[in-house]
Amino acid sequence: RICPGADRVLGAGAVLRLGGATLGGYGEADIAYAYRQLSRALHPDKNPDVPEAHDAFKRLTEAADELRAGLTEQRNLLRSIAATMGISTTEEMLDRPQEALFAEATRMLYA
């Protein structure tokens, strides 16, 4: 069972790592997959004998929300950088914006 102890916090990045995120960034599908996998293990109904299960499940939900908010922020930043450089963003770039952000920021540095 995956339940953090009283002094440990389930970080947003841990949600993705435990869910199996790939290199090159993450997208909505990765967050949803990780959340589904971990929610099955952490759900209080599946762990009635674990008192921390409710808090762990709540933290999982918060972590997934943090990841989604970060993804939105990264997409907005990517759009801003692309507009500054006079290029358009593609759906592929916006699906996993971390890799595209790195590429465009590098391009800006060397321009």
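Since the structure is predicted, the reported quantities are computational estimates derived from the model, not experimental observations.
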Legend entry - Residues E99, R96: salt bridge by 4.0 Å N-O rule: no
Legend entry - Heavy-atom pair with the smallest gap, counting every atom of M93 and T89: SD-CA, 3.9 Å
Legend entry - Side chain N47, main chain P44, donor-acceptor under 3.5 Å: no
Inset, instruction - Output the distance between atom CD (Q98) and atom CG (L78), rounded to the nearest 0.5 Å. - result: 10.0 Å
Using a 3.5 Å cut-off and no angle test, enumerate the donor-acceptor pairs between side-chain atoms of residues 100-111 and protein atoms at least two apart in sequence or in another chain.
residue, atom, partner, partner atom, Å
E104, OE1, R107, NH1, 3.1
E104, OE2, R107, NH1, 2.8
T106, OG1, F102, O, 2.7

Inset, instruction - Look up atom CE in M85 and atom OG in S80, then write down how far apart they are to the nearest 0.5 Å. - result: 11.5 Å
Inset, instruction - Evaluate salt bridge (Lys or Arg N to Asp or Glu O under 4.0 Å) for R59 paired with E52, printing each intermediate quantity in order. - result: CA-CA 11 Å; R59 180 61 191 132; E52 299 91 7; over 6 Å; no
Inset, instruction - Could you pull out all residues at least two apart from R36 that satisfy salt bridge (Lys or Arg N to Asp or Glu O under 4.0 Å)? - result: none
Inset, instruction - State the CG-NE2 distance between L60 and H43, to the nearest 0.5 angstrom. - result: 10.5 Å
Inset, instruction - Run the numbers on L67 and Y35 for side chain to side chain contact (heavy atoms under 4.5 Å, CB included), then give the verdict. - result: CA-CA 11 Å; L67 288 168; Y35 181 81; over 6 Å; no
Legend entry - Closest non-hydrogen atom pair between G70 and Y26, with its separation: C-OH, 4.5 Å
Legend entry - Heavy atoms of other groups near E73 CD, more than 12 under 6.0 Å: no
Legend entry - Pair R68 + D65, salt bridge at N-O below 4.0 Å: yes
Inset, instruction - Specify the closest pair of heavy atoms between P97 and R75, including all atoms of both residues, with the distance to one decimal. - result: CG-CG, 3.9 Å
Legend entry - Set of residues satisfying ring-ring contact (aromatic ring centres under 6.0 Å, His included) with respect to H54, sequence neighbours excluded: none
